[in-house]
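To start, the structure itself, in structure tokens.
Proteins come first, then strands; the chains are lettered A, B, ... in the order of their sequence lines, and each starts at number 1.
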Number of protein chains: 2
Amino acid sequence: MVTLAEVARHAGVSASTVSYVLSGKRSISAGTRERVERSIQELGYHPNAGARALASSKSNVIALMMPLRTDMYVPVMMEIAVAVATTARGHGYDVLLLTREEGPAAVRRVTGSGLADAMILMDVELDDDRLPLLREAPQPAVLIGLPADTAGLTCVDLDFVATGALCVEHLAGLGHRDIAVIGEAPAVYERHTGFAERTLEGLRAKARELDVRLLHRPCEVGYGPTATTLARIFDERPGTTGFVVQNESAVEPLLGLLRLRGRAVPEDVSVVAVCSDQVALQASVRLTSVSLPADEMGRRAVSRIVAKLEGRGADEVELLTPKLTVRASSGPAPD
Amino acid sequence: MVTLAEVARHAGVSASTVSYVLSGKRSISAGTRERVERSIQELGYHPNAGARALASSKSNVIALMMPLRTDMYVPVMMEIAVAVATTARGHGYDVLLLTREEGPAAVRRVTGSGLADAMILMDVELDDDRLPLLREAPQPAVLIGLPADTAGLTCVDLDFVATGALCVEHLAGLGHRDIAVIGEAPAVYERHTGFAERTLEGLRAKARELDVRLLHRPCEVGYGPTATTLARIFDERPGTTGFVVQNESAVEPLLGLLRLRGRAVPEDVSVVAVCSDQVALQASVRLTSVSLPADEMGRRAVSRIVAKLEGRGADEVELLTPKLTVRASSGPAPD
DNA sequence: GGAGGGCGTCGAAGCGCTTCGAAAGAGCCT
DNA sequence: AGGCTCTTTCGAAGCGCTTCGACGCCCTCC
């Protein structure tokens, strides 16, 4: 393996000079810089990550703590990860993949070992057990999601309360008085995952405000569970004409089931989904949806982390404003 | 941050003794070990990753190069990543997430900088541009997938040729003489992704052998494209009674579309999918499928990497034998 | 009772890089 | 011409850990 010292010898300069050429922290004459750069090329030199981390106390790695369950939002999680990885690379950082399942131990490992310079955490629960550690960690962190207490934390998330409100508002505006919500899997609520509860909160508040009847039912992933949930909903509220689908994987089954029941979308029944634009456009009916800007959340999270690593930017909660796009799945309520 | 030296002072021993307690590379008396371990606990010591990497030339990190597209098999990729991350942690390794898109440059970065001790590559193309570098890299690597030339490489993959054959065999055995294949997106074939081409090869070979007519059509992700593809298939081969679905995301749309056309599954039409068991079970019809053992592939890949890092295990291609599970979506051909 | 051999521990030398202080030279002013 | 500043480069220290050789001790064996 080629070392700094070899490059220095090859270029006829000292090691520190090579280091300064690389980091740009001191001015180097054009001639020397060129000579060094040529040597680096010729020898195929790559700085040793460990040595660099040791000497500079910076690893140039961002840790990403990701949930590895498969009971929810896999594509969204993936999309966030993609955005994080790509954006981070753009800023010169690599991404270390940690599992949400390791919990606080992983946080401790990172903060203790200097494995990473900063952390991005996904799948934040309202009262997340990683938060206390995070607050005292020397490394900055950004949450993608919103816990109950955000003091001393930086968060990026979609404003799910507004998202819920927006869905109800849209349907109510079209004259729907009976709205059903196909929610996340029960386990998601049991974990007190922030976004699920907040969406519900927004849905309920707006429903109360606009005097619309709202029925919320959690729903496991899969066609069967969706069918059961739908049947229950129609049993309980036969007059339901509006649906809000929070659970991406329930979208296609729901549309299929409505078709089977002879309920036309959007003539008889309107559907609003909270999902990525991709899903909304690929479904069998082009869905009216509030988009889940996974990509943007990932990018923002990295930007904030990088800002903090560079000493800019304070702790702050950034809630992205949801946007509802009207497509072919919603229309006026039948009379 | 607590250092080895501080632990040593606290325990009243030398730094090297602490190091040996940690690594177990030399015997330590029970008393000393306990004292040191207590100090480690009390001080909350975590070894510095950079220093460790520098001194031992081992980073305890495995790089995972993952495709970050969303045009195919997102859940499968995710499942593999999960398995890799979890298994790796079980062996004491962390996982560095690299994007497939960085291509050979990422391989060079890893091999040059000592960022990782080994690499696992996904989304392998038949003539992958990362392979030459890999062959001369000092770090071991495992491919999840199968390139055309496997000399000097270690690969883990499902035997997709056998998978294709199995699907045709099953349908032909039920009396189907006209089989259509809903394939991956055209881009996947254009990239010469190994598994797609191999599956097709297996399908074709077996069809020829059993004298069955086979129609293969690539298909973009989404309901619309699936509908178009299906329409074309029935135009071209109205007598089609057997379907092989290679593309997970086409499963639910296909079932819905068949229902719309009034073709009952499995009475009129049989469907065999190549997908994870989860998808097979969650679809609107419990699918006869060849399962994609993503989890096992991830685990095997890590096992092989760890073996190589420990000096065991040679270069080898490991093809997992596909298993077809008969469920409710396939039955005898109508006459 | 002295030689030989383990066992347990220590000290010191790096691993490859960053970074600080200082030296060497060049250019300018008085 | 001497002193000053500014630019460019160098040398050396040190980041926290691993690891090798060596040392001291106790036990065993003839």
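Scanning DNA chain C 5' to 3' for nucleotides with an atom closer than 4.0 angstrom to a non-hydrogen atom of chain A gives a first and last hit of dG16(C) to dA22(C).
For the contact set between residues 24-31 of chain A and DNA chain C, defined by any heavy atom under 4.0 Å, the members are K25(A), R26(A).
Nucleotides of DNA chain D nearest to S16(A) and A55(B) differ in position, and the one nearer the 5' end is that of S16(A).
V21(B) has its side chain within reach of E37(B): a pair of non-hydrogen atoms, C-beta onward, lies under 4.5 Å apart. In this structure, V142(A) and C155(A) have side chains that are not in contact, with every pair of non-hydrogen atoms separated by 4.5 Å or more.
The minimum heavy-atom distance between H10(B) and S39(B), with the atom names listed, is ND1-OG, 2.8 Å.
The pair D149(A)-R135(A) counts as a salt bridge, with a side-chain nitrogen and a carboxylate oxygen less than 4.0 angstrom apart.
For the side-chain contact (heavy atoms from CB on, under 4.5 Å) with V95(A), the lone residue among T86(A), L64(A), T87(A), V302(A) that qualifies is L64(A). Tested against L134(A) for a side-chain contact (heavy atoms from CB on, under 4.5 Å), the candidates L143(A), T154(A), T111(A) yield a single pass: L143(A).
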Stepwise salt bridge (charged side-chain N to carboxylate O under 4.0 Å, His left out) test for E316(A) and R304(A): CA-CA 9 Å; E316(A) 214 175 323; R304(A) 288 207 108 85; 3.0 Å; yes
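Remark: side-chain polar atoms of R299(B) are not paired, donor with acceptor, to backbone N or O of V84(B) under 3.5 angstrom.
T3(A) comes within 4.0 angstrom of the backbone, heavy atoms only, and of no base.
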